[in-house]
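Beneath this line is the structure, given in structure tokens, with notes to follow.
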Amino acid sequence: MTTAVLGGGLSGLSAGYYLLRRFGKPLTIYEASPRVGGWVRTENRKDRNFIFESGPRTIRPVGLPGANTLELVEELQLEVTPIRRSHVAARNRMLYAKGQLCMLPNSPKGLFGVLPPFTKPLYKAILRDLVTASKKAKLEDESIYSFAERRFGKEIADYAISPMICGICAGDAREISVRFLMEGLFEKEQKYGGVLKGALLARFKDKTVDSKEGLFAQGQPKLYAQALQEKWAMYGLQGGLEILPKALRKYLGERDVNVQLSNECRSLTFSSSGVRMTIKDADVPVEHVVSSLPAHKLAPLVKQQHPSLSAQLLDIPYVDVLVVNMQFPGKLLKQDGFGLLVPPVEKLPILGVIFDSCCFEMGENTVLTVMMGGHWFDQWFGNRPSPKQILDLATRQVQQILQIHEEPKFSRVHTLHKCIPQYTVGHKRRVEGIRNYIKTYKLPLSLCGAAYDGVGINDVILSARRQVEAIPSS
Ligand SMILES: Cc1cc2nc3c(=O)[nH]c(=O)nc-3n(C[C@H](O)[C@H](O)[C@H](O)COP(=O)(O)OP(=O)(O)OC[C@H]3O[C@@H](n4cnc5c(N)ncnc54)[C@H](O)[C@@H]3O)c2cc1C
Ligand SMILES: C=CC1=C(C)c2cc3[nH]c(cc4nc(cc5[nH]c(cc1n2)c(C)c5CCC(=O)O)C(CCC(=O)O)=C4C)c(C)c3C=C
């Protein structure tokens, strides 16, 4: 079978890896930009012993998706930097709320005291779940905010769930589907009438990889077993996360997979014998195409032949994020940790700050990443401020929140346009609709990537694997 992949981000490169394993060659990956990696981008200042990440920096070694990524990392022989559960970056997560830095509880003991910004001990929210009946009419979906408010109260929805959603998709919890992060809990609530019961059941699941999934023929990956044994909370890669797409590209190139950079796909035309891709101005036929493109980028490619599919793809919204990396000489943080999130009820112009130099060894540097915009991009940045204005704003916020009064010595401002999809209420149905359309019209097209089956690195790699495994053999 001749196959091609659209997009050389992590999902597209992973699709290439799994396609090579399943169908062999010929195989070509078409990437519009002059580099691989998509949103994964590292600036490694080896000369000064620090790293700036404009996209992701850590991966969670959790469950089947986590094990799957570790299998790939092992195959590519990459060096990981584990962050164990005992590490300060795993233990200390903060909120900036009500004018102060607040440490989130990191042990069951923390549930019994009154920890600002909360005004009641957190165990009371759990009790509330136990005594609150679920809605009489069964729900198919709802926002994660309304679910949390219903089960645990408004304070939890505002100060725990909403900032968490900012730290995963820069989105507004009032719009994001409960199925995005809490599908299991939501379904158990719908079935049993309570989340706690569901949570208890979920604790027994997912500790080990379910061999029934049939993903790992040789047993669970060694690195995953090590991560479980050593209690990793998350991990990075030595040299930064961009090492992963670069290593995938090298692996594929060494096996004669054609990775064509600066080769944008401009349209797709399907027929009974396969699909014709317009790559730049050339017409390229293949039997099957795997698209890892963001949904809004795939939509125009299919619009002429399949306007309804195109419209459904455009129904998946995206948001813009501003990322400001800053380096300061010396150790300046008063409190180490992973970073802080700002609950949207605070109405501040930032979503949060990541303390990169606490997560990873960066010598005598303080490296911070300030993230802004997301769902609230237009509200704060609709007047398109200059990079200098954005840097000044981020620097003032760092001064105010972290009491760091120096100016950063090195900095970078990135505007990430439409970088993260929003799984708004009804997302699961929308994705089913898109895939049903493809099935009904027997289009030789598979969809993977952040638009559909999860926005994290683990999700996009696993989605590539599952989509490749589901391609019918001709
Ligand atoms: C700020 C930020 C922080 C994040 N932090 C984390 C984190 O800590 N942990 C985590 O697990 N995940 C994190 N993520 C999510 C993670 O980065 C993404 O899920 C992942 O990188 C998405 O990969 P992808 O391949 O699906 O998409 P993309 O990276 O968007 O790749 C798609 C590729 O397709 C190319 N393309 C577009 N149009 C065309 C065309 N017509 N023809 C050919 N090529 C085309 C693009 O140039 C791009 O290279 C973060 C994301 C962001 C934005
Ligand atoms: C502490 C501050 C954080 C900020 C600010 C932040 C911004 C931010 N994050 C994403 C996308 C993702 N982040 C993910 C994981 C993740 N993010 C933070 C913290 C901040 N993120 C933490 C502590 C973690 C690890 C999660 C954990 O251990 O519980 C992920 C992956 C989620 C997964 O399923 O593994 C994504 C995706 C964006 C777009 C963003 C911009 C504001």
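Atoms within a ligand are numbered from 1 in the order they appear, just like the ligands themselves. Below, each value reflects all heavy atoms present in this structure, side chains not excepted, and no hydrogens, waters or symmetry copies.
- For atom 20 (C) of ligand 1, the nearest non-hydrogen atom of the protein is V460 CG2, 4.3 Å.
- Remark: minimum distance from atom 34 (O) of ligand 1 to any protein heavy atom is reached at G7 CA, 3.4 Å.
- Shown are E242, Q327, M362; of these, the side-chain contact (heavy atoms from CB on, under 4.5 Å) with I51 is made only by M362.
- Applying the salt bridge (charged side-chain N to carboxylate O under 4.0 Å, His left out) rule to pairs touching residues 411-421 yields E43-R412, sequence neighbours excluded.
- No more than 12 heavy atoms of other residues, nucleotides or ligands sit less than 6.0 Å from atom CD of Q304.
- Protein heavy atom in closest approach to atom 35 (C) of ligand 1: E31 OE1, 3.2 Å.
- Of the protein's non-hydrogen atoms, the one nearest atom 42 (N) of ligand 1 is C265 N, 3.0 Å.
- Close approach of ligand 1 to V40 is summarised as follows: ligand atoms under 4.0 Å from at least one heavy atom of the residue are 21 (O).
- Atom NZ of K250 has 12 or fewer neighbouring heavy atoms from other residues, nucleotides or ligands inside a 6.0 Å radius.
- Judged purely by distance below 3.5 Å, without hydrogens or angles, the side chains of Y145 and D158 pair a donor atom with an acceptor atom.
- Within the 4.5 Å cutoff, the side chain of V286 has no heavy atoms near those of the T3 side chain.
- Looking from atom 11 (C) of ligand 2 to the surrounding protein, the closest heavy atom is I168 O, 3.0 Å.
- Between A32 and ligand 1, at least one pair of N/O atoms sits closer than 3.5 Å.
- In W39, the parts holding a heavy atom less than 4.0 Å from any atom of ligand 1 are both the side chain and the backbone.
- Other residues, nucleotides and ligands contribute more than 12 heavy atoms inside 6.0 Å of the CD atom of E432.
- Side-chain contact between F147 and I161: absent, with no pair of heavy atoms (C-beta onward) separated by less than 4.5 Å.
- If you check which protein heavy atom lies closest to atom 8 (O) of ligand 1, you get T58 O, 3.5 Å.
- Atoms of ligand 1 lying under 4.0 Å from any heavy atom of G449, numbered from 1 in the order shown and given with element: 26 (O).
- Under a 4.0 Å criterion applied to the non-hydrogen atoms of G9, ligand 1 contributes the atoms 25 (O), 31 (O), 33 (C), 49 (O).
- Residue L10 places at least one N or O, backbone or side chain, under 3.5 Å from an N or O of ligand 1.
- Within 6.0 Å of the NZ atom in K331, the count of heavy atoms belonging to other residues, nucleotides or ligands exceeds 12.
- Counting heavy atoms under 4.0 Å from ligand 2, residue I420 touches it through the side chain alone.
- Summary of contacts: the protein heavy atom closest to atom 41 (C) of ligand 2 is M371 SD, 3.6 Å.
- Using modelled atom types, one side-chain atom of Y423 and one backbone atom of Y452 make a donor-acceptor pair closer than 3.5 Å.
- A donor and an acceptor atom, one from each side chain of E31 and S33, are located under 3.5 Å apart.
- With a 4.0 Å heavy-atom cut-off, ligand 1 is reached by the backbone of V455 but not by any atom from C-beta on.
- Annotation: side chain of L70 is in contact with side chain of W232 (closest heavy-atom distance under 4.5 Å).
- The existence of a salt bridge linking E230 and R84 is confirmed by a sub-4.0 Å separation between a basic side-chain nitrogen and an acidic carboxylate oxygen.
- Counting heavy atoms closer than 4.0 Å to ligand 1, residue E264 contributes atoms from both its backbone and its side chain.
- Across M234, R93, R85, heavy-atom proximity to atom 29 (O) of ligand 2 is greatest for R93.
- Remark: among candidates R60, M164, R57, the nearest residue to atom 34 (O) of ligand 2 is R60, based on non-hydrogen atoms.
- For ligand 2, the atoms lying closer than 4.0 Å to a non-hydrogen atom of L351 are 42 (C).
- In terms of N/O distances under 3.5 Å, ligand 2 is not approached by N458.
- Using modelled atom types, one side-chain atom of S291 and one backbone atom of L293 make a donor-acceptor pair closer than 3.5 Å.
- Between R57 and D356, at least one side-chain nitrogen of the basic residue sits less than 4.0 Å from a carboxylate oxygen of the acidic one, meeting the salt-bridge criterion.
- Looking from atom 6 (C) of ligand 2 to the surrounding protein, the closest heavy atom is G167 CA, 3.7 Å.
- Judged by distance alone, the side chains of S11 and S292 never bring a donor and an acceptor atom under 3.5 Å apart.
- Atoms of ligand 2 lying under 4.0 Å from any heavy atom of L341, numbered from 1 in the order shown and given with element: 1 (C), 2 (C), 3 (C), 4 (C), 5 (C).
- Close approach of ligand 1 to C419 is summarised as follows: ligand atoms under 4.0 Å from at least one heavy atom of the residue are 53 (C).
- Using a 4.0 Å cut-off between heavy atoms, M94 makes no contact with ligand 2 at all.
- For the pair K297 and Y318, the NZ or CZ position fails the cation-pi test of under 6.0 Å to the six-membered ring centre and within 45 degrees of the ring normal.
- In this structure, atom 2 (C) of ligand 2 lies nearest to the protein heavy atom L340 O, 3.4 Å.
- Using bins of under 30°, 30° to 60° and over 60° for the plane-to-plane angle, the ring pair Y159/F118 lands in the perpendicular bin.
- Here atom 32 (C) of ligand 1 lies nearest to P294 when heavy atoms of G454, G12, P294 are compared.
- Of the protein's non-hydrogen atoms, F338 CE2, 3.6 Å is the one closest to atom 18 (C) of ligand 2.
- Under 4.0 Å from ligand 2, not a single heavy atom of A233 appears.
- The heavy atom nearest to atom 38 (N) of ligand 1, considering only E53, R57, M277, K297, is found in K297.
- In terms of polar-atom proximity, defined here as any N/O pair under 3.5 Å, L6 makes no such contact with ligand 1.
- Among protein heavy atoms, the minimum distance from atom 31 (C) of ligand 2 is reached at G456 CA, 4.2 Å.
- In terms of protein heavy atoms, atom 25 (O) of ligand 1 is closest to S11 N, 2.9 Å.
- For atom 52 (C) of ligand 1, the nearest protein heavy atom (residue, atom name, distance) is G55 CA, 4.4 Å.
- Looking only at heavy atoms of the protein, atom 45 (C) of ligand 1 is closest to L293 CD2, 3.3 Å.
- Taking the six-membered ring for Trp and the full ring otherwise, Y437 and H306 have centroids separated by under 6.0 Å.
- Within the structure, the closest approach of T58 to ligand 2 does not fall below 4.0 Å when heavy atoms are considered.
- Here I457 has no heavy atoms under 4.0 Å from ligand 2, in either its backbone or its side chain.
- Between I350 and W380, every side-chain heavy-atom pair lies at or beyond the 4.5 Å cut-off.
- Comparing P300, P56, S463 against atom 5 (N) of ligand 1, the shortest heavy-atom distance belongs to P56.
- Considering only heavy atoms from C-beta on, L19 comes within 4.5 Å of I471 through its side chain.
- Checked by distance only, ligand 1 and I457 come closer than 3.5 Å through their nitrogen or oxygen atoms.
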